[in-house]
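Below is one structure, written out as structure tokens; comments come after it.
Small disclaimer: the values here were computed from a predicted structure and weren't measured. What you see below is based on every heavy atom in this structure, not just the backbone, and it leaves out hydrogens, waters and symmetry mates.
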Amino acid sequence: MRLQNTTVSGLPGAILVSTVTNPDVFTAYSHCNLYSTDPPSALPPNSVSLNPNFLSDTDLHLTNTNLNNRGIPVAVGDDMDGDPRDPLTPDIGADEYTSNLRSAGLVRFIHPATDQVYCDTLPLTVVLINSGTEPLTTAGIEVRWNGALWATVAWAGNLTSGASEEIALGNIIPTPLVANQIGVSVQQPNGLADDFPDDDSLVFNNAFAGFSGAYTIGGANGNFPTLGAAFNALQYGGLCGPTELLVRDGVYAEQIYVAAPIKGSAPDRPLTLRGESGDSSAVQIVAAGTLAQNTTLRFDGATYLQLKSLTIRQTANVSNNNAALLLVGGHDISIENCVVAGHLGTSRVALTAKPDSNFTIRHCVFSGGETPVLMIGSNIKFNLTFTHNQVFSGDDNAIHIEFWRNVQMEDNVISSFSNSSHYGIYGLGIRDFELRNNRVRVAGPQASVGIYLKNCGRFSRTSVLANNAVAVNLGTGIIAIGRGMWLIGCSDIQVLHNSVYHLSDDADNFAFAVQQSDDMALLNNLFVNGSAGRAFYSFGNSNLVSDYNVFFSKTGTLGETVNDLPGLQVLTGGDQHSVVGDPGWAAPDPDSLALRNAALENIGTATSITTDIFGRPRQLPAPDPGAFENPTAPLVQLGADTTVCGSLLLDGFAPGATAYTWNTGDTQPAILVEVSGAYILTASNAYGTHADTVQVTVAPLPDPPVVLFENNILRTTSTGALQWWLNGQPLPGAVGDTLLPPTNGWYQVQVTEAGLCSAFSDSLQVVVLHTAALAGAAPLQLFPNPLTGPTLWIAQMQGDLSDVQVVDLLGRTWPVRMLPASAAALPGVDVSELPAGVYCLCVRDRTGQPGRGLFVKL
């Protein structure tokens, strides 16, 4: 399919040509005229954007000479009037015409442009065109700003027919916060009347200055009377810096739809919409959705957006999922201290969020008829933080989340009530998550689940499901499966310190269930069914580690086919330290799931979870199972009496303590002990005081030994038990006060006194140099040593030398010259060519007697 020689004219912002890849593929798309006062940024090959200057709205005969002879030959012989086409250079459009005009025209604005942000000034630039047939050499250009004459510019040049030129007309400083209108017109081409004036003028409306700083909405003397007015100006103007829209107290009956990212949005240019007073209940954005626009507040593709201290409410029940707040695409969005309320009817939500990454929700309240918080989408999304929120559902799931990676969902209160099956938290395909310290309550007559996770867990790290209190209260006559917690197809999750209470009269319902999952750890949990249901279900799992849990079922049947703890241990392959016991819970409410059975306290094991659901310290190393650590006085544990060498950092281990007092007067948790004696720590908190004593004996450290290196022998004068070390390892059997180094390396000696305290010498590097012929050579006396002159004399040997070898510490042999014996019958060596350093001299005399020794040349 080909699109050529065609004129398309549309309103500003109109889609002039739309192409899709299947089935309509344009194999040739060129030589067209796509006209709009806001033309496309990219045009097809050999195409233009020119006003065709039709004779009227119904008469599409052309008058713009610049479309004359600009086409390409195609298999169309006649125009719409039956006139023959030029066979080589046909016109663009349906009319083949000729023209003889004197005309100057304005094609379009370069600036202002709808995709640009103007922060300080607006550089006004237009495109001037010769829309006639005779050369254009002069013209007058007039600029009007907000209706008043701003400038008159005399243009001179030389434009041939159809040629154009960008004309800079100066810099305008836009009036802030209002829509600036800029009009440009061209007159008197070549000093005469324009034969075709229809293309003489351009008008740009809604030229707003960019935003930076704080602006008020509503109230007396606000910058904007309504939210709609503020966002209208913001979308036209864009962002020049960090911007806050401060909404004054009041009820705003408006629907806001921001259909595209705000221009200029960037990390250093965020946009914040917040209630000025900080009271979310005082600023209410309320709307009754319609079928055309069913949300109250909607952002598409928003980036670096913050919503704070607002109430956003939907009051109409008109279509499925008519969210009060809808976020589609975008990234780096946060919602804080807001109330978001959907309609109470079925199939309604408060928040529907589908950003791409970096989404944070803190200290908010969500409520709605079906699913107050819906965070789904087919694409993978990254970095979700959902903390300290309250979520209330009156008909179905409270939170529905799908395909998020790196999720932090902590310290939330979640309630869901329904006459049908529903979930407190429904998670599908979430990876690398931490679900901690959440209180979840689910109630209704049908089978439902407190926390449901399917195909969740590892992407790059272990996920954590910890310190959650889940209460599920179901009625009689259950017709579907219900669970307190239910994990299916998950991997690499630590399930730690959860309290799960499930009330169900149906034996097929369980407090906790895990299926087709792998690499799971279940530690320190309370799994309880307070009615006819069961406590635990496991099927098709691999690498399941389960221990230190408490199981209880009112019927005494713990699992589907398991009646007691030994059977459960066989089922899980673990739980050797787990117990069966009634925690004494009286009500199916998350805040009521603290232990009320002292026999079950402090039977857990230490894990990565060091605080409970309320942030109270765990009493390690034996914490309470479940989400709650019963408040008690701290238990000080200083350990057994001990003897140390030199000093000891004594750590006062007292989980839960808020104050520390030592008998030394110190008030910090740890002290440095350097003197023998009894040390007492008294620790306290709001629940009581406890003390513990430890006897510390401090033995003195021996003085570090000194190592000497004499005649190739290592020697120490230290007494006590000795042990020589080579390269950080003890040398077997090397326990004397001297040592002949067996090999190259770093040597040191350790001395131990009274079998308790040790000290080490400094390390000494030894390089052993010898040849096989001189391996047993006697040590030599060499002088002068250190050597400052050219000659080295040898004291022990008599007569001339038969062989001399000088080797440095790197094993390199250096040439030297033997000297005849001196008058004192002492042989010598000329070492004048040696550089400064340490050397080994290896020699034989005329009798074959070998010798060796070290010397230093300065």
Assess, by modelled atom type and distance only, whether the side chains of [X] and [Y] contain a donor and an acceptor separated by less than 3.5 Å.
X: N630; Y: R616; answer: no
X: T360; Y: S334; answer: no
X: T658; Y: N685; answer: no
X: S265; Y: T303; answer: yes
X: S553; Y: N529; answer: no
X: D612; Y: N467; answer: no

[X] versus [Y], closest heavy-atom pair with distance:
X: E629; Y: Q619; value: OE2-N, 3.2 Å
X: Q695; Y: A678; value: OE1-CB, 3.5 Å
X: N524; Y: T605; value: ND2-O, 2.7 Å
X: D547; Y: Q576; value: OD1-N, 3.2 Å
X: H502; Y: R483; value: CD2-C, 3.4 Å
X: G429; Y: C456; value: N-SG, 3.6 Å

Whether R269 engages the ring of Y304 as a cation-pi pair (distance to the six-membered ring centre under 6.0 angstrom, angle to the ring normal within 45°) should be assessed. no

Find out whether the Lys NZ or Arg CZ of R405 is both under 6.0 angstrom from the six-membered ring centre of F459 and within 45° of the ring's axis. yes

Apply side chain to side chain donor-acceptor pair (under 3.5 Å) to S538 and list each qualifying residue two or more places apart in sequence or on a separate chain. N541

Suppose we screen for side chain to side chain donor-acceptor pair (under 3.5 Å). Which residues come up paired with T682, at least two apart in sequence or across chains? none

Flag if over 12 foreign heavy atoms under 6.0 Å of CG, D703: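 Counting neighbours around CG of D703, 12 or fewer heavy atoms of other residues, nucleotides or ligands fall under 6.0 Å, so no.
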
Are the side chain of N389 and the backbone N or O of I361 linked by a donor-acceptor pair below 3.5 Å?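 Side chain of N389 to backbone of I361: a pair is present.
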
Answer yes when D591 and R439 have at least one side-chain N-carboxylate O distance shorter than 4.0 Å, and no when they do not. yes

